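Since we're looking at a predicted model, the values are computed, not measured.
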Amino acid sequence: MLGVVGVASLARAQDAPPAAPPSGPSESETVGEQSVETARRAREAFDGAMRDFGEGRYVDAIHGFQVAASLIPSADLWFNIASAYQRLAQERGSPSDYEQAIAHFQRYLRDRVDPPDRVSVEATIGELTEQLESVRVARARRDAEGTLRLESGFDGARVSVDGEEVGTTPLERDLPLAPGAHHVEATRDGFLPFRAEVGIETGLTVRTRIELTPSLTHRSVRGQPVVAWILWGAAVASLGATVGLGVEASSRAPQGVAPGLDPYADARTWSAISDAMLGVTLTLVVGGIASYSLESAAIGTESERFAPSEPRAASASD
């Protein structure tokens, strides 16, 4: 890194002002006073620029050096301006900063009489030229690419794009990709792999959200209502018997009954039996319902494994 050199011409202008003649103001005295004032303003601009440079305010430093150069031109000021642009280029990566740094270093070599650091300055110009070319190539490539932004509610998932691992979630950077289809996959222990096909377009940002599904889950295991079905089967049989007994009761009409006896006694007997069977039927139905509720309750859990999902397209463009 080249250091920042001072402005010798400014110091000489300030330390050796023109001498005043012994009597009244003359043209040379006026010129001398203007030169001292110019030197003072140039020194103030230069000192302020040096402070800005030391504190990393390179834009302000460049302005201060330019003001000083407009008052008292100096090849050393071109060097200082070039150094400030060099620092800006390293911070911002702007091609114009590289171009300005190169131009002012070249101007320094042109205006400085026999510069003692010519070799190192020329080497710096070569390095800046290479860096400028790299920046231009990168920008051209970026302008021809699209961007993939991956979002996920799961941390620690390993993400790969087209088979190349790009990091783990959450990914804090967007991925520049060539236009076209790309395969995204995310894996994490205990979860099924996430796979998606995304389409990238030039100059657009495509957002894809990674959703992971547990590879193993549990479900309730319920009992079989065996007793309930038996009771309901018995209830059906009992209902059939009830109907049959009712039919028999209705067919028991009085025929040749001796005087003094109840002609409907036999029918009522069969009817009573039918009613009793109906009661049994209802009891069996209610018992079956109660048994079904008890037997169908969850008696445990079992694991269930899902099959991996097929690749899917899931994206949105900005």
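- At least one donor-acceptor pair under 3.5 Å links the side chain of T281 to the backbone N or O of L239.
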V184 and L150: CA distance, side-chain angles, deciding distance, side-chain contact (heavy atoms from CB on, under 4.5 Å) verdict
CA-CA 9 Å; V184 178; L150 294 174; 4.1 Å; yes
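- Counted within 6.0 Å of CZ on R41, heavy atoms from surrounding residues, nucleotides or ligands total 12 or fewer; the atom is thus considered open.
- One finds no salt bridge joining R87 and E91 here, because no Lys/Arg side-chain nitrogen approaches an Asp/Glu carboxylate oxygen to under 4.0 Å.
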Please determine whether side-chain contact (heavy atoms from CB on, under 4.5 Å) holds for the pair Q86 and L128, giving the CA-CA distance in whole Å, both sets of side-chain angles, and the decisive distance to 0.1 Å.
CA-CA 8 Å; Q86 183 181 11; L128 289 171; 3.9 Å; yes
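- Interatomic distance, CG of N80 versus CZ of F65, reported as 4.0 Å (0.5 Å rounding).
- R158 pairs by the side chain to side chain contact (heavy atoms under 4.5 Å, CB included) definition with E165, T168, T187, D189, not counting sequence neighbours.
- Contact check for S94 versus L88: no side-chain heavy atoms found under the 4.5 Å cut-off.
- Minimum interatomic distance between I62 and A84 (heavy atoms only, all atoms of both residues): CG1-CB, 3.4 Å.
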Candidate pair I81 and Q66, rule side-chain contact (heavy atoms from CB on, under 4.5 Å), full reasoning
CA-CA 8 Å; I81 293 173; Q66 289 173 336; 3.7 Å; yes
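- For the residue pair L192 and L212, the shortest heavy atom distance occurs at O-CD2, 3.7 Å.
- The closest side-chain heavy-atom distance from Y108 to D76 is below 4.5 Å.
- Proximity of R92 to D97: side-chain heavy atoms (C-beta onward) are separated by under 4.5 Å at one or more points.
- Looking at E211 and R209, a side-chain N of the basic residue comes within less than 4.0 Å of a carboxylate O on the acidic one, giving a salt bridge.
- Residue P170 comes nearest to D155 through the heavy atom pair CD-OD1, 3.4 Å, listed as atom of the first residue, atom of the second, then distance.
- The CG atom of L132 sits 5.5 Å away from the CD atom of E99 when rounded to the nearest 0.5 Å.
- Not counting sequence neighbours, the partners of V166 by the side chain to side chain contact (heavy atoms under 4.5 Å, CB included) test are V159, V161, L171, R173, L175.
- A distance of 9.0 Å separates CH2 of W78 from CZ of R110, quoted to the nearest 0.5 Å.
- Closest heavy-atom contact between S152 and T169: CB-CG2, 3.8 Å.
- Under the 4.5 Å side-chain heavy-atom criterion for grouping Ile, Leu, Val, Met, Phe, Trp and Tyr, V59 is connected to Y98 within one hydrophobic cluster.
- Residues V137 and S134 form no side-chain contact, since every pair of their non-hydrogen atoms from C-beta on lies 4.5 Å or further apart.
- Under the 4.5 Å side-chain criterion, counting only non-hydrogen atoms from C-beta, E201 is not in contact with P179.
- Interatomic distance, L71 CG to R43 CZ, rounded to the nearest 0.5 Å: 12.5 Å.
- Ring geometry for F53 against Y58 counts as perpendicular: the plane angle is over 60°, on a 0 to 90° scale with 30° as the lower cut.
- Rounded to the nearest 0.5 Å, atoms CG (D111) and CD (Q106) are 12.0 Å apart.
- Counting heavy atoms from C-beta outward, T129 and I102 have side chains that approach closer than 4.5 Å.
- Minimum heavy-atom separation, A45 to A68: CB-N, 4.0 Å.
- For the atom pair CZ of R112 and OG of S74, the computed distance is 8.0 Å after rounding to the nearest 0.5 Å.
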Starting from the C-alpha separation in whole Å, work towards a yes-or-no answer on side-chain contact (heavy atoms from CB on, under 4.5 Å) for E197 and H183.
CA-CA 5 Å; E197 295 289 340; H183 178 74; 3.0 Å; yes
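- Among all heavy-atom pairs drawn from L109 and I125, the shortest one is CD1-CD1, 3.9 Å.
- A salt bridge links R118 with E122; the closest basic N to acidic carboxylate O contact falls under 4.0 Å.
- With sequence neighbours excluded, the residues that form a side chain to side chain contact (heavy atoms under 4.5 Å, CB included) with H63 are V67.
- The six-membered or imidazole ring of F79 lies away from that of H104, with a centre-to-centre distance of 6.0 Å or more.
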